[in-house]
Structure formats: C-alpha cells, structure tokens
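In what follows, every heavy atom counts, from backbone to side chain, and hydrogens, waters and symmetry copies are set aside. Remember, it's 1-based here, ligands and their atoms both numbered in the order they're listed. Computed from a prediction, not measured in an experiment: that's the story for all the values here. FYI, the numbering just counts along the sequence from 1.
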Amino acid sequence: MQEIRFYNTLGRTLETFVPRQAGTVQIYTCGPTVYGHAHIGNLRTFIFEDFLRRSLSYLGLEVTQVMNLTDVDDKTIRQSNEAGLALNDYTATYIESFFEDLDSLHVERAEHYPRATEHVPEMIAMIETLIDRGFGYVSDGSVFFRIAADEDYGRLSGIDLSNQQRGERVASDEYEKEDARDFVLWKASKEGEPSWDSPWGPGRPGWHMECSAMSMKYLGESFDIHCGGVDNIFPHHENEIAQSESATGKPFVGTWIHSEHLMVDGAKMSKRLGNQYTLKELVERGIEPRAVRYLFVSAHYRQKLNFTFDSVAAAGKALERVDQMRFRLGSARENGPPSTVIAAAIEQLRKDFAGALANDLNASEALSAVFQMVRDVNKIIEDEAVGEGDGERVFAALADVDRVFGVFDPTAWQADDGSAEDSLSDEAVENLLADRQAARQRRDFAESDRIRDELQSQGILIEDTPQGPRWRRG
Ligand code: AMP
Ligand code: ZN
C-alpha cells in the first residue's frame with residue numbers, strides 16, 4: 001500500500017500515517033452546533049473532512065467516521081428560549097438543514113452522527129472517573145477539570161498556561177473555580193435551562209466533554225484521526241486530550257488534522273460585515289453547489305481559502321472544461337486500435353493522483369493530474385485519433401478519481417435538483433437550437449447567446465462543429 005503522510009498538529013510535523021489496525025482508519029470529526037444554519041466556513045471544514053474520508057478510502061482503507069451534533073450548549077439553549085421552543089424542537093430545524101447542506105454538496109455520510117443530548121450518561125460516567133482519579137472537582141453543583149493535575153497540558157496547541165494566575169480560588173463570571181485555568185466538565189443548571197440528573201445535581205455537560213465521551217464510545221479509548229477547523233485546536237481539542245488521557249491513562253488520538261478557515265472577500269466572516277453566507281443563500285444567487293464543492297476541495301486544507309463570487313465562477317468554468325471534454329469524447333467517432341496516448345494519459349493519472357492524495361492530501365496536484373489527462377484526451381479528439389473503447393476507458397478513469405472529488409459527473413448533480421423531471425423535451429431542444437441557428441444567420445449574436453445560455457441552464461450542452469451544432473444532456 002502507498003505510504004500516506006499527514007501533517008500532524010500534535011508535534012507540527014509531516015509524518016507517515018500508520019493506522020492502529022492495518023487496513024482500517026477511524027476518524028472523529030467535530031460536527032456543527034445546531035443553533036442556526038451552517039455558514040459556508042463550517043461547510044468548508046465538513047467538505048475537507050469528506051475529502052479526507054474519500055481519499056483514505058481511495059487509498060485502500062476501510063473508514064469509520066463519527067461526527068457529533070452539538071445539540072445542547074449555551075447558544076442552543078439561549079436561542080431556543082428566545083424562540084419559545086423546547087430545545088429538541090428548536091435544534092431539529094438546524095439538524096435537518098445541516099443534512100440538506102451535506103446532501104446538496106454531495107458529502108458522503110459518516111457512519112455515526114451521535115447527538116450530545118443522547119449521550120449524557122456516558123459523559124457522567126467519564127466525569128465520575130475524572131473525579132475519582134483526582135482530575136475533576138465539584139463546586140456549587142458544577143464539575144471542573146483541574147489543570148494543575150495534568151502535567152502535559154498544552155501539548156497540542158503549545159499554549160503555556162503556567163504564568164496565569166493559579167492556586168487561588170477565582171470567581172469567574174459564572175462559576176466558582178479553584179484555578180482560573182480550569183475548565184468546566186459539568187455545568188449546574190440555571191433557572192429555565194434544560195437539565196439532566198447527575199450525582200452533582202441537575203445540570204448539563206460541557207462542550208469538550210461531549211466529544212471525549214462520544215468519540216470513545218464509537219471508536220474506543222484510542223483512535224487514529226481527529227479533525228476540526230483550526231479554531232478547534234485551543235481550547236476544545238486541547239481539553240479533549242486532557243480529559244480523555246486523564247480518564248484512561250492512554251494516548252487519545254494518533255493524528256490531529258486541522259483545516260484552515262474560509263475567508264470571504266479577504267475578510268473573516270462575521271455577521272457585522274454581512275459576509276456570513278449560508279449555502280442556501282448562495283444557491284438563491286444562482287451559484288451551483290457543485291462549483292462550491294469544487295472550489296473548496298481544490299484548495300489545500302492547510303491554506304486559508306478566500307471565497308469570492310469570481311472564485312466560485314472560475315470553479316464553474318474549470319468544471320465546464322471537463323464537461324466539454326466528456327461531451328466531445330462521447331460524440332467522437334471511435335476508429336482503429338486504442339490510442340496509446342490515451343492509455344499512457346490514464347496510467348499517468350492513476351499514478352500521480354494517488355501519490356498526490358497520499359502526500360498530505362495535495363488536492364491541487366491531484367487536480368492537475370486530472371487536467372493533464374483532459375488536455376491529452378482533447379488533443380486526441382482534435383486529431384480524430386480516438387480508438388475503440390477509449391471513450392469508455394477515459395470515463396472510467398474520471399469516475400475513479402471522482403470517488404474522491406465527487407464533482408466530475410454532471411448528471412449526478414442534475415438528478416438532485418429535480419431538473420430531470422421537468423427538463424426540456426428533445427423536440428423543445430431541437431426547436432431552440434433551430435432558433436439559435438436562425439439568430440446566428442441573421443448575425444443576432446445577443447439572441448443566439450441568450451438561447452445558448454437558456455439551454456445550458458437546463459443542462460443541455462452544445463458544441464458547434466463544422467457539421468452544425470450537436471447537443472446532449474449534461
Ligand atoms: P460550529 O458549528 O461553530 O461548532 O463549527 C463547526 C465547524 O466549523 C468547526 O469544525 C469549526 O472549526 C469550523 N469553522 C468555523 N468557522 C470556520 C471558517 N470560517 N472556516 C472554516 N471552518 C470554520
Ligand atoms: Zn468536538
């Protein structure tokens with residue numbers, strides 16, 4: 001099997017990835033807090049995790065992925081109260097919206113989507129273990145993690161808390177802690193908050209605790225990969241390590257992989273700047289989810305990605321180049337023996353593609369391998385040198401790389417939006433094409449372009465050839 005290398009945030013080096021159990025990989029990915037619709041920054045992270053999952057599977061590993069749903073925290077509670085709804089009724093809307101977004105972006109489903117509210121007993125059990133081992137203490141019905149007891153705290157983020165105030169009782173704005181650095185494992189409930197019974201009275205779990213308890217439940221005390229956006233490194237993932245390793249005495253996770261943030265128009269997304277788009281808002285502006293997926297997967301996960309309307313349009317154009325090649329190849333006449341150029345192009349793609357993925361998920365290199373094949377095939381089509389079976393072989397090679405990218409089959413994207421049912425009949429397409437020809441003849445190019453755009457918006461691909469226009473459904 002190909003050697004796989006990842007940049008491990010723990011240690012900050014590129015290192016060879018060795019799964020705990022040969023042939024399999026276990027991945028935990030921090031999921032959405034379901035108090036509102038996901039913004040496209042969140043979606044970049046989820047698409048990255050999908051890309052990781054698909055790449056590992058392409059490279060021959062059997063993947064088990066868990067993504068939690070944070071359906072109880074300060075924000076979900078506050079917002080559900082403001083909306084006058086029970087917590088579950090409130091979050092249901094956003095859980096549904098989250099899965100709709102994943103489907104629109106062709107994100108493969110993880111094996112498990114555990115919800116925090118359904119795993120409170122597991123979290124209580126882990127907190128009890130931490131208290132028994134001297135890492136947790138109770139204060140006014142809440143439970144805190146005692147940072148002073150954890151000698152290697154800070155390994156992931158490199159944070160040094162030693163110069164912070166310690167050893168004296170500090171009243172934070174909400175709870176009484178022994179030490180300002182300590183973080184909450186269990187929060188005593190306040191008036192009007194949903195709560196669960198616990199040995200320390202009614203309350204609810206802290207956010208970090210849910211990921212420790214749920215990852216261990218589904219993946220065991222130690223597992224291969226844990227992901228999230230870079231903002232999760234501190235304090236969330238640092239605290240997960242502290243809790244998990246203090247509770248079990250075992251290493252928690254082998255490889256930590258964090259994806260960089262999405263920016264919009266060069267700025268951090270924020271409500272104030274009005275640049276915090278949801279996928280649905282982009283779709284309303286006529287942007288195709290397929291182009292969004294392509295834009296997000298084409299950038300390296302460790303680089304900030306700047307979303308602009310131009311960049312997503314360019315992503316659409318790049319996809320069109322592949323669509324056009326598919327179309328031309330589909331209607332090219334095959335004669336003679338298979339092209340040796342095409343055979344070599346496919347072989348090269350296979351090699352370069354897997355190598356690029358295995359090298360810390362180098363998406364741009366993997367894509368340049370795809371576009372190299374597209375160029376080679378276009379040349380053979382122009383030379384009218386497409387041989388028998390070449391079309392099928394190229395389509396199979398594209399389908400193979402699409403197991404990872406999930407963007408190169410236009411029909412897979414059209415089936416989603418219901419356009420298959422209400423698309424134009426063949427006769428309607430022929431009529432529109434005839435109108436377009438007539439417009440061209442009278443040199444009314446504005447009109448002929450308009451018709452072409454209309455056909456394209458219905459998923460009809462047109463190619464002008466010396467024998468006249470040819471078309472097919474994309
Ligand atoms: P949340 O719903 O706030 O818990 O976030 C869900 C995921 O989105 C987390 O893994 C975050 O790291 C990630 N995230 C938040 N903001 C951005 C952003 N601007 N770009 C990329 N990922 C983000
Ligand atoms: Zn988490």
Side-chain angles (χ1 to χ4, degrees), residues 9 27-52 65-76 78-79 91 94-95 97-99 101-102 105 107 110 112-116 119 122-123 126 156-157 183 185 205-219 223 225-244 252-253 256-273 275-279 292 295-297 299-308:
T9 309
I27 311 175
Y28 186 85
T29 44
C30 288
T33 309
V34 285
Y35 68 96
H37 298 286
H39 58 61
I40 55 176
N42 303 135
L43 296 173
R44 178 193 186 187
T45 295
F46 301 141
I47 288 181
F48 155 68
E49 290 158 349
D50 179 58
F51 185 67
L52 168 70
Q65 183 193 355
V66 178
M67 180 177 277
N68 67 301
L69 302 175
T70 300
D71 61 350
V72 54
D73 78 328
D74 294 341
K75 283 180 277 193
T76 43
R78 193 176 53 239
Q79 308 255 50
T91 57
Y94 301 107
I95 291 175
S97 163
F98 165 70
F99 284 113
D101 286 348
L102 295 192
L105 292 165
V107 169
H112 305 280
Y113 288 99
R115 294 170 59 157
H119 294 77
E122 287 85 345
M123 301 181 212
M126 194 164 162
L156 182 72
S157 60
F183 62 89
L185 301 171
W207 172 39
H208 316 306
M209 180 42 65
E210 66 169 270
C211 284
S212 285
M214 293 195 285
S215 59
M216 285 199 205
K217 169 163 179 177
Y218 292 93
L219 301 174
F223 56 93
I225 296 179
H226 196 315
C227 300
V230 286
D231 57 305
N232 286 152
I233 297 173
F234 184 84
H236 185 47
H237 289 164
E238 195 72 77
N239 290 352
E240 278 189 47
I241 294 177
Q243 298 163 153
S244 306
F252 178 42
V253 170
W256 288 86
I257 307 180
H258 292 98
S259 58
E260 252 299 348
H261 271 183
L262 182 78
M263 316 285 283
V264 173
D265 291 327
K268 195 172 171 329
M269 263 186 292
S270 76
K271 289 230 163 67
R272 191 175 55 80
L273 293 175
N275 62 359
Q276 207 175 52
Y277 299 116
T278 64
L279 181 65
V292 176
L295 176 67
F296 287 5
V297 288
H300 196 274
Y301 75 92
R302 282 198 281 124
Q303 273 160 8
K304 284 200 174 64
L305 172 62
N306 188 25
F307 179 91
T308 62

Original post:
Looking at the Zn ion (ligand 2), which N/O/S atom of H236 is the nearest one?
Top reply: NE2
Subject >> Nearest-neighbour protein heavy atom for atom 9 (C) of ligand 1, which is reported as residue plus atom name and distance >> reply: N232 OD1, 3.5 Å
Original post:
Of the protein's non-hydrogen atoms, which lies at the shortest distance from atom 5 (O) of ligand 1, and what is that distance?
Top reply: N42 ND2, 3.4 Å
Counting from 1, what ligand 1 atoms have a heavy atom of [X] closer than 4.0 Å?
X: T45; value: 10 (O), 13 (C), 21 (C), 22 (N), 23 (C)
X: P32; value: 2 (O)
X: T33; value: 1 (P), 2 (O), 4 (O)
X: M269; value: 19 (N)
X: G31; value: 4 (O), 6 (C)
X: L262; value: 18 (C), 19 (N), 20 (N), 21 (C)

Subject >> Interatomic spacing from CD in E240 to OH in Y28 - rounded to 0.5 Å >> reply: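 Output value for this atom pair is 6.5 Å.
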Please determine, by modelled atom types, if [X] and [Y] share a side-chain donor-acceptor pair under 3.5 angstrom.
X: N232; Y: H258; answer: no
X: Q243; Y: S212; answer: yes
X: D73; Y: T70; answer: no

**OP:** Output yes when E122 and K217 qualify as a salt bridge under the 4.0 Å nitrogen-oxygen rule, no when they do not.
**Re:**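 Yes, charged N to carboxylate O under 4.0 Å.
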Subject >> Considering all heavy atoms, the nearest I40-T278 contact >> reply: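 Shortest heavy-atom separation between I40 and T278 comes out as CG2-C, 4.0 Å.
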**OP:** Considering non-hydrogen atoms only, spot the tightest contact between I95 and L69 and give its length.
**Re:**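 Smallest interatomic distance, heavy atoms only, reads CG2-CD1, 4.1 Å.
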Subject >> Side chain, backbone, both or neither: H39 near ligand 1, heavy atoms under 4.0 Å >> reply: side chain
Original post:
Between M123 and E210, is a side chain to side chain contact (heavy atoms under 4.5 Å, CB included) present by the stated rule, with each step listed?
Top reply: CA-CA 6 Å; M123 301 181 212; E210 66 169 270; 3.6 Å; yes
Original post:
Of L305, V264, D231, T70, which has the heavy atom at the shortest distance from atom 12 (O) of ligand 1?
Top reply: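 Closest candidate by heavy-atom distance is D231.
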**OP:** Just go through G228, C30, G229, G41 and tell me whose heavy atom is the nearest to atom 23 (C) of ligand 1.
**Re:**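 Closest candidate by heavy-atom distance is G41.
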Original post:
Between SG of C30 and SG of C211, what angle is found at the Zn ion (ligand 2), rounded to 10 degrees?
Top reply: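 Once rounded, the angle between the two atoms at the Zn ion (ligand 2) is 130°.
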Original post:
Any side-chain heavy atom of H39 within less than 4.5 Å of one from Y277?
Top reply: no
